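Since the structure comes first, as structure tokens, the remarks are kept for the end.
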2 protein chains.
Amino acid sequence: MAKNKNTEQKIFDAATELFMEKGVDRTSVRDIASKAGINLALMNYYFRSKENLFDAIFTNLVKENTKDLLQILDSDLGLEEKIRKYVDAYIDMLTTNPLLVPFFMAIIHRSQEKITQMKVISNLYGTEIFSQQIVDEGKAGTIRRTDPSHFFVDMISLITFPFAIRPLIIDRNEMSEEDFNNFIVERKEHITGLLLKCMKEC
Amino acid sequence: MAKNKNTEQKIFDAATELFMEKGVDRTSVRDIASKAGINLALMNYYFRSKENLFDAIFTNLVKENTKDLLQILDSDLGLEEKIRKYVDAYIDMLTTNPLLVPFFMAIIHRSQEKITQMKVISNLYGTEIFSQQIVDEGKAGTIRRTDPSHFFVDMISLITFPFAIRPLIIDRNEMSEEDFNNFIVERKEHITGLLLKCMKEC
DNA sequence: TATTGATTTAAACTAGATTTTAAACAACTG
DNA sequence: CAGTTGTTTAAAATCTAGTTTAAATCAATA
């Protein structure tokens, strides 16, 4: 009963890494077993099937990585401060785990059946509260009237897309991983500035 | 010799569609054969292997879809006009074939060995000439000094990312395909405005 | 210590995929 | 017309994947 959680966790962790690195379809159960250092059949013993294991991992990744961000969006900060915090936290999160974006991109197209679960992800690009805030401040004249749906898409595009094409950026600009991370840090200021500028009259 | 090209082309076309719809790994040679209405072995006769066929298709897709865009970037239009044309042409191209973005995203992470071939794609986000133009106009004071590498990333992020998460946007906003296309058309003006605004002092 | 249930193992099974082979066919060439 | 070449077919070989089985091991406890 002690080794239980241990083995189950080892499978879960190994599979998570492999799924994100190589993609679900190019990862075999044998790969997982070998990486986790366990017997082939144990994957089925604990998770019944590969697809099941995938579901568990997917759900977990969503939960783990959206919590803080949603909280920021729904907080009662002012718009400028909120955007600053959000961009900052989102980019930090992705820097810690740069494979999240390509992984989710792949899943969106691989498993469209699971699209409902993914609404959680899509909330990342704008909750009701945040949306309302933009409309309200537009009416109040603090910012110019802005269509929230375009604003959301702008925001997550600017934040996440570089991670989606990370290998390309690194290769093209002959960057090291560190160079890339610096580039991304630069973008924090850059994106925030861009978004705020675009909301102000001028 | 007449039917040659015919069969080869049928395989090529069927595979292209399937690869883009379901992804390379979830498309079997049997799927391709059946869609193309040909015998299973013919794929190997013409292309030697599935991976080979994939290479051919990939190269072709890159060539077909980058030509016009690169031409715009390297033309001698003024910056504003150039950006306007580029955004317009790029979005039109992707609207015609909305699966291109997810396909390329998948490939970038699936086949990192082929990353060199992909430099062609990465040129999409900025040629030497275009880059120089931004620096020059910055020095001249026509626009404010702008780091081309960030500007490129901004530009392609804003243009392509919505296509990368198309199913999510459609589902979340309860859109029809047509709604989505309208949304994208709106973005043409929106993105151009945003990019130009961000280049001007204010 | 014997029993029980959970865990682990090696091996087998099943299904499906890619690739190969060898023979049949058609069209053209000398 | 015979033969060569390129094309197509059906079948088989090969390989790899996910899953299942049944026996072995282990740990806890009665």
Side-chain angles (χ1 to χ4, degrees), chain A residues 1-61 103 106-107 109-114, chain B residues 1-61 103 106-107 109-114:
Chain A
M1 195 76 78
K3 250 190 169 181
N4 256 7
K5 273 274 169 290
N6 217 338
T7 304
E8 189 171 345
Q9 196 63 43
K10 275 195 291 184
I11 297 171
F12 192 90
D13 292 344
T16 303
E17 270 193 52
L18 287 171
F19 284 171
M20 300 226 288
E21 262 170 40
K22 314 204 303 170
V24 181
D25 295 319
R26 293 175 88 80
T27 298
S28 73
V29 175
R30 283 172 176 83
D31 290 341
I32 299 172
S34 125
K35 172 147 196 165
I38 52 107
N39 183 277
L40 175 62
L42 284 178
M43 191 282 286
N44 282 69
Y45 179 74
Y46 284 104
F47 294 96
R48 284 214 341 280
S49 75
K50 183 186 172 184
E51 199 62 18
N52 230 40
L53 170 57
F54 162 69
D55 283 347
I57 288 176
F58 177 73
T59 307
N60 175 260
L61 282 176
F103 177 75
I107 299 315
H109 293 88
R110 188 197 109 109
S111 335
Q112 299 218 14
E113 337 88 52
K114 281 161 200 149
Chain B
M1 195 76 80
K3 249 190 169 179
N4 255 9
K5 273 275 169 288
N6 217 337
T7 304
E8 189 172 346
Q9 195 64 44
K10 275 195 292 186
I11 297 171
F12 192 90
D13 293 343
T16 303
E17 269 193 54
L18 288 170
F19 284 171
M20 299 225 291
E21 261 169 40
K22 314 204 302 169
V24 180
D25 296 319
R26 294 175 89 83
T27 300
S28 73
V29 175
R30 283 178 176 82
D31 290 341
I32 298 171
S34 122
K35 172 147 196 165
I38 50 108
N39 182 278
L40 176 63
L42 284 177
M43 190 282 285
N44 283 71
Y45 177 74
Y46 283 105
F47 295 96
R48 286 215 338 279
S49 75
K50 182 186 170 185
E51 199 62 19
N52 231 41
L53 169 58
F54 162 68
D55 283 347
I57 288 176
F58 176 73
T59 308
N60 175 259
L61 282 175
F103 178 74
I107 299 315
H109 293 87
R110 188 197 109 109
S111 334
Q112 299 217 16
E113 338 87 52
K114 281 160 201 149

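Below, each value reflects all heavy atoms present in this structure, side chains not excepted, and no hydrogens, waters or symmetry copies. Per chain, numbering begins at 1; letters A, B, ... match sequence-line order. From a predicted model like this one, the values you see are computed outputs, not experimental measurements.
Ring-plane geometry between B:F58 and B:F103 is classed as tilted, the angle between the planes lying from 30 to 60 degrees on a 0 to 90 degree scale.
Regarding B:R48, its CZ atom lies at a distance of 9 Å from the P atom of C:dT20, rounded to whole Å. For the pair A:I11 CD1 and C:dT9 C1', the computed distance is 13 Å after rounding to whole Å. To the nearest angstrom, P of C:dT19 lies 13 Å from CZ of B:F47. Atom-to-atom, CG of B:N6 to P of C:dA27 comes out at 14 Å; the value is rounded to the nearest Å. As a whole-Å value, the separation of B:L53 CG from C:dT18 P is 11 Å. Residue B:K50 contributes atom NZ, which lies 13 Å from atom P of D:dA17 at whole-angstrom precision. The nearest whole Å value for the distance from the CG atom in A:L42 to the P atom in D:dA24 is 17 Å. The CG-C1' distance, from B:N44 to D:dA10, rounds to 15 Å in whole Å.
Contact check of residues 27-40 of chain B against DNA chain C (heavy atom, cut-off under 4.0 Å) returns B:T27, B:S28, B:V29, B:R30, B:L40. Taking a 4.0 Å limit (strictly below) on heavy-atom distances, residues 18-25 of chain A does not reach DNA chain C anywhere.
Between A:T27 and A:G23, the shortest heavy-atom distance links the atoms OG1-O, 2.8 Å.
The phosphate of D:dT20 has neither OP1 nor OP2 within less than 4.0 Å of any side-chain N or O from A:Y45. Within the structure, every side-chain polar atom (N or O) of B:S49 is placed at least 4.0 Å from both OP1 and OP2 of C:dT18.
Between A:Y46 and A:F12, the closest side-chain pair of non-hydrogen atoms is not below 4.5 Å. Side-chain contact between A:I32 and A:L53 is present, with heavy atoms from C-beta onward closer than 4.5 Å.
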Show which side-chain atoms of residues 34-43 of chain B pair as donor or acceptor with protein atoms under 3.5 Å away, not counting sequence neighbours.
unit_1 : atom_1 : unit_2 : atom_2 : d
B:K35  : NZ     : B:E17  : OE1    : 2.9
B:N39  : OD1    : B:A41  : N      : 2.9

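No option in A:K50, A:R48, A:K114 other than A:K114 meets the salt bridge (Lys or Arg N to Asp or Glu O under 4.0 Å) test with A:D55.
With rounding to the nearest 0.5 Å, the separation of CG in B:L61 from CE in B:M20 is 5.5 Å. Annotation: the span from A:I107 atom CD1 to A:F19 atom CZ amounts to 9.0 Å, rounded to 0.5 Å. We find the CG-CD1 distance between B:N6 and B:I11 to be 10.5 Å, quoted to the nearest 0.5 Å.
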